[in-house]
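Quick caveat, the model's predicted, so the values are computed rather than measured. What's counted below: heavy atoms across the whole structure, side chains too, no hydrogens, waters or symmetry copies.
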Amino acid sequence: MKTIFEKSVAGREGCWPCEGMSEEAYIPSELLRDSDSGLPSASELDVVRHFTKLSQRNYGVDGNFYPLGSCTMKYNPKFTEIAAAMPGFTQLHPVLPQLQGAGGLCQGALEVMYETERMLAEITGMDAYTMHPMAGAHGELTGVMLMAAYHRDHGNKKTKIIIPDSAHGTNPASATIAGYEIVSIESVDGIIDTAALAEVLDDDVAGMMMTCPNTLGLFEKNLPEIVKMLRKVDALLYYDGANLNAIMGKMRVGDVGFDIVHWNLHKTLATPHGGGGPGSGPVGVSEKLIPYLPISRVAKLEDGQFYLDYDHPKSIGYVAPFYGNFGVFLKAYAYMLRLGGKGLTRASENAVLSANYMRKRLENHFEIPYNRICMHEFVASAALQIPKGVHALDIAKALLDKGYHAPTIYFPLIVPEAIMIEPTETENKETLDTFIDDLIAISEMANTNPEALHAAPVTLPVSRLDETKAARAMELTSDL
Amino acid sequence: MPYVPHTEDETREMLATIGVDSIDDLFAEITEDMRPKSFDLPDGLSEMEVLTKLEAMANKNVTNHTSFLGAGFYNHYIPATVDALTMRGEFYTAYTPYQPEASQGTLQALFEYQTCVTRLLGMECANASVYDGGTALYEALMMAVRKTKRRKIVVSEAMNPIYRVMLNSYTTNLDVELITIPHKDGMTDIEGLKTAIDGNTAALLVQNPNFFGSINDFTELFAAAKAQKAVSIISSYPVLQTLLKTPGAMGADIAVAEGQSLGLPLSFGGPYLGIMTCTKKMVRQMPGRIVGRTEDGQGRTGYVLTLQAREQHIRRQRATSNICSNQSLCALRALVHMCTLGELGLKRAARLSIERAHICAERLTAIDGVDMLTKGPFGNEFAVTLPVNAYEIIAKLTDRGFVPGFPLGRYYDGLEKGLLVACTEKTSEEQIGILAEMLKGALK
């Protein structure tokens, strides 16, 4: 499809004509650009048609089952958009509460922040929250910065963070950016091995980042022992909330001994992923970490008024320009209010039910390396199809042809040819059954006609794209 | 129960297939000692009830004030196409384009976005965005540290202080030294910056227009940085870049911007858009998603995420950044905004904003005791010095429905009387007139 630049015609005006004005009256010409920027010139209808057509070249949850493991692609309720689009929220300038006498102009927004923090705290059993991190990985970074601040304040000389090989993929990069050395430990039978942990655990360990259920979809059942081991060396335990959709109402991470947790609200609390953001990654902490939370912090006076509190001398400072992705966590708040405690528990129960149902129905057709009760997702592999020359990638592409977004493939790294499936609680049984039937048919095709799978996809606007060429040619912008 | 479709019969059938008796059996590994000590959440509400509750909260916010607040975040008009097109579920409910054949819509849009922002800033390459302008600045700083293997960063104090405090937090745990060169009466101290750059400098960070609204040409400064092999980083204001000399023309190595002014509502601080562009030489240091053009087996043009060897999911702890998601939908909004307004429309928005700000400056400085603080050329924002503490005036005028600007004293000692005033194309001359009258009255 042509780019908007190829459809552009110089002089064709968009929504506003531009006559009789000159910036040169105000700004000397040596400070001005010497040629047009080259932004497109197209009619409004051209623009609308261009983006409508582009959208039709995309799969999204609204149109396609999207069992992308680890990403929790659940249905995004439409009403939350109405809430986020209320002018009382969208028109609010973020510096308002920083002005004396103007904090009273944004009481509703501060209340949303306060109440959202409180609900997240109750769901996870943590003592306080910051809404500032703007995505999950940003929450991780904030969490590790909190860890560093805690140890610095206690005079602890800690240099290492333990990350199990079954943890979430962004963890090592987040910990490195916060200045730590990474120690990896290998899982045994799909979960953390306490013996392996004991081997690397010493006084230099600042903490451990854990994903639970882990990226294999398995619950870390040695958790109570792991907590005890870490406490002994004053190491903090970090909970990567990417998989929180499995445990709402079943376990609170604060109750079992985690010190820090981040959410991915765009996963667990159903805010739309938007083609890769914006997300929202609030971080919750146990009491001993409260002094280090980012500023500002929303607080409530006895008379019920809300205000921003900047007086936290031990705070790690600012991780965001303001208060995080307000427009995103507002939707998450609306979703929590809609579901209530029972609805959230029910969401987790059904996410786990659907994942186990799919696992069971697939077990005779695909290798499932850790085939036992899983949580909200499970990892299969293409091991049985490999002898026919069919890889996880071929299976993924064949699924695209059938109108599904593919599961996550080649992750986690500890399962070769991984196919990671997360159905979420919002898909009905017919969808799950049809998807499984189609996946089984693809597996049979691996025996009868593997070539057809190598050619997939054939029904989409493009077939497999040459990624090597993209990296070598490095054509990152249009030259037209 | 909302959004869960399984009927009781289906649940039983699924449990039977799994081979367990109840849903509780699926959670058996979470033993009694790990169960919640409390789960005290309210009962669910209907859609209507939730919206009524939120409407009441929204109404507690006062948004019918006339506001001259900017400070890097501006209330520009957003054409209707932006919401209409970006709310399409195919864009809205997709994820990061891991399967490019099923994500050509998102990918081509990001490619077009990359093209637009490089053209706006006069740079060669762009990524598909990061969280916000402050994060973009921090990531740019880290690109320079990796590239030069040096640790000293020279920052102008006329850089947005909201970003400078972020840089301080982010670099606490890293072996990086931030050296801040004071502003000179609201001007970027070019000579001071030049002097501070030496053979140990990784990067120079400046902003145009600076926080006080003052417009500069940094060509010579960037040349001086280049002579010391330091990386020149500039933060700019995208709407005005349709008119102003580009970072590229000045010789910047990395140009970043807060993209909020391109089609994103203020929304109390987010979601916003971190625009990141750089020269070809720097692109392998760039964090985040980058989209490249390629073709399929039949020679059809298509788009993919490229140069992924930089990223966290491949390189783990050796990645350029931990950033995983971008602000895809915000980038799409910015793209639709730029396409709808087009070259001419965006220029018009910039010109109107500049014109209104100059009218406003003239009206305000006509008042006794109110003087221009910003010296030299400015765009749509400027600072004045009042005869009294700015907070006092802000409180007075806000009570009467006008937020006159941002108090410079919040971030700058000695500028307690400084007021930063912004206009956009949405600011009317009538509003400017009322502001001037109110200020005059308040100062009597």
Self-check item: Side chain proximity check, A:Lys250 to B:Met34, heavy atoms < 4.5 angstrom
Solution: no
Quiz item: With a 4.5 angstrom heavy-atom cut-off, which part of A:Ala109 approaches chain B: side chain, backbone, both or neither?
Solution: both
Quiz item: Can you tell me if B:Tyr92 and A:Glu81 form a side-chain donor-acceptor pair at under 3.5 Å?
Solution: yes
Practice problem: Below 4.5 Å from any heavy atom of chain B, which atoms of A:Asp255 appear? Answer side chain, backbone, both or neither. | Solution: both
Self-check item: Any side-chain donor near an acceptor of the partner, B:Glu343 and A:Ser37, under 3.5 Å
Solution: yes
Quiz item: With side chains defined as the heavy atoms from C-beta onward, is the minimum distance between A:Lys360 and B:Met14 less than 4.5 Å?
Solution: no
Practice problem: Answer with side chain, backbone, both or neither: which region of A:His93 has an atom nearer than 4.5 Å to a non-hydrogen atom of chain B? | Solution: both
Quiz prompt | Donor-acceptor under 3.5 Å (B:Arg119 side chain, A:Gly38 main chain) | solution = yes
Quiz item: Taking atom CD of A:Glu30 and atom CG of B:Asp217, what is their separation to the nearest 0.5 Å?
Solution: 8.0 Å
Quiz item: Do B:Arg300 and A:Ser463 come within less than 4.5 Å of each other through their side chains, counting heavy atoms only?
Solution: yes
Quiz item: By a 4.5 Å heavy-atom criterion (distance strictly below it), what part of A:Ala175 contacts chain B: side chain, backbone, both, or neither?
Solution: neither
Quiz prompt | Min side-chain heavy-atom separation B:Tyr272-A:Pro278 under 4.5 Å | solution = no
Exercise. Give the C-alpha distance, both sets of side-chain angles, the deciding distance and a yes or no for side-chain hydrogen bond (donor to acceptor under 3.5 Å, both in side chains) between A:Glu467 and B:Thr294.
Key: CA-CA 7 Å; A:Glu467 299 194 4; B:Thr294 185; over 6 Å; no
Exercise. Take B:Tyr3 and A:Leu339 through the side-chain contact (heavy atoms from CB on, under 4.5 Å) test and state the conclusion after the steps.
Key: CA-CA 9 Å; B:Tyr3 321 126; A:Leu339 263 64; 3.6 Å; yes
Exercise. Report yes or no: does A:Asn428 contribute a side-chain atom to a donor-acceptor pair with the main-chain N or O of B:Pro5 at less than 3.5 Å?
Key: no
Quiz prompt | Interface moiety of A:Leu400 toward chain B, non-hydrogen atoms closer than 4.5 Å | solution = side chain
Self-check item: A:Tyr26 OH to B:Arg351 CZ distance, which is reported to the nearest 0.5 Å
Solution: 11.5 Å
Practice problem: Would you mind checking which part of A:Lys74 comes under 4.5 Å of any heavy atom in chain B, side chain (CB onward), backbone (N, CA, C, O), both or neither? | Solution: neither
Exercise. Begin with the C-alpha distance, continue with both residues' side-chain angles, and end with the deciding distance and a verdict on side-chain hydrogen bond (donor to acceptor under 3.5 Å, both in side chains) for A:Asn76 and B:Thr93.
Key: CA-CA 7 Å; A:Asn76 311 131; B:Thr93 66; 5.0 Å; no
Quiz prompt | Heavy-atom proximity to chain B below 4.5 Å, by part of A:Phe219 | solution = both
Self-check item: Engaged part of A:Met251 at the chain B interface, taking heavy atoms whose separation is under 4.5 Å
Solution: both
Exercise. Please work out whether the ring planes of B:Phe268 and A:Tyr323 are parallel, tilted or perpendicular, with thresholds of 30° and 60°.
Key: tilted
Quiz prompt | A:Phe89 side, atom CZ; B:Asn59 side, atom CG - distance, nearest 0.5 Å | solution = 8.5 Å
Practice problem: Indicate yes or no for a side-chain donor-acceptor contact from A:Arg338 to the backbone of B:Val50 under 3.5 Å, with no hydrogens or angles considered. | Solution: no
Practice problem: Walk me through it: do B:Leu51 and A:Ile82 pass the test side-chain contact (heavy atoms from CB on, under 4.5 Å)? | Solution: CA-CA 8 Å; B:Leu51 289 176; A:Ile82 296 180; 4.1 Å; yes
Quiz item: Stepwise, does the side-chain contact (heavy atoms from CB on, under 4.5 Å) test hold for A:Ile373 with B:Val20?
Solution: CA-CA 10 Å; A:Ile373 299 285; B:Val20 296; 4.0 Å; yes
Quiz item: A:Tyr75 versus chain B, heavy atoms under 4.5 Å apart: side chain, backbone, both or neither?
Solution: side chain
Quiz item: Under a 4.5 Å heavy-atom cut-off, does chain B meet the side chain of A:Met1, its backbone, both or neither?
Solution: both
Quiz item: Does any non-hydrogen side-chain atom of B:Thr81 lie less than 4.5 Å from one of A:Glu44?
Solution: yes
Quiz item: Between A:Glu122 and B:Ser38, is a side-chain hydrogen bond (donor to acceptor under 3.5 Å, both in side chains) present by the stated rule, with each step listed?
Solution: CA-CA 8 Å; A:Glu122 182 60 23; B:Ser38 144; 2.3 Å; yes
Self-check item: Structural part of A:Val256 lying under 4.5 Å from a heavy atom of chain B
Solution: side chain
Quiz item: In terms of heavy-atom proximity below 4.5 Å to chain B, should A:Met86 be classed as side chain, backbone, both, or neither?
Solution: side chain
Exercise. Evaluate the criterion side-chain contact (heavy atoms from CB on, under 4.5 Å) for residue pair A:Lys342 and B:Asp43; output intermediate values, then yes/no.
Key: CA-CA 7 Å; A:Lys342 288 196 187 79; B:Asp43 289 337; 3.6 Å; yes
Self-check item: Cationic tip of A:Arg57 above B:Tyr303 ring, under 6.0 Å, 45° of axis
Solution: no
Exercise. Quick one: pull up CG in B:Leu341 and CG in A:Leu39 and give me the separation to the nearest 0.5 Å.
Key: 9.5 Å
Quiz prompt | A:Lys429, NZ: over 12 other non-hydrogen atoms inside 6.0 angstrom | solution = yes
Exercise. Report yes if the side chains of B:Thr306 and A:Met474 come closer than 4.5 Å at any heavy-atom pair, otherwise no.
Key: no
Quiz item: Does a donor on one side chain and an acceptor on the other come within less than 3.5 Å for B:His6 and A:Ser354?
Solution: yes
Quiz prompt | Which atoms of A:Gln98 approach chain B - backbone, side chain, both or neither, heavy atom under 4.5 Å | solution = both
Quiz item: Does atom NZ of A:Lys469 have more than 12 heavy-atom neighbours from other groups under 6.0 Å away?
Solution: yes
Quiz item: Is the B:Phe73 ring parallel, tilted or perpendicular to the A:Phe322 ring (thresholds 30°, 60°)?
Solution: perpendicular
Exercise. Can you tell which part of A:Pro321 gets under 4.5 Å to a heavy atom of chain B, answering side chain, backbone, both or neither?
Key: both
Practice problem: Measure B:Leu244 against the heavy atoms of chain A and call it side chain, backbone, both or neither at under 4.5 Å. | Solution: both
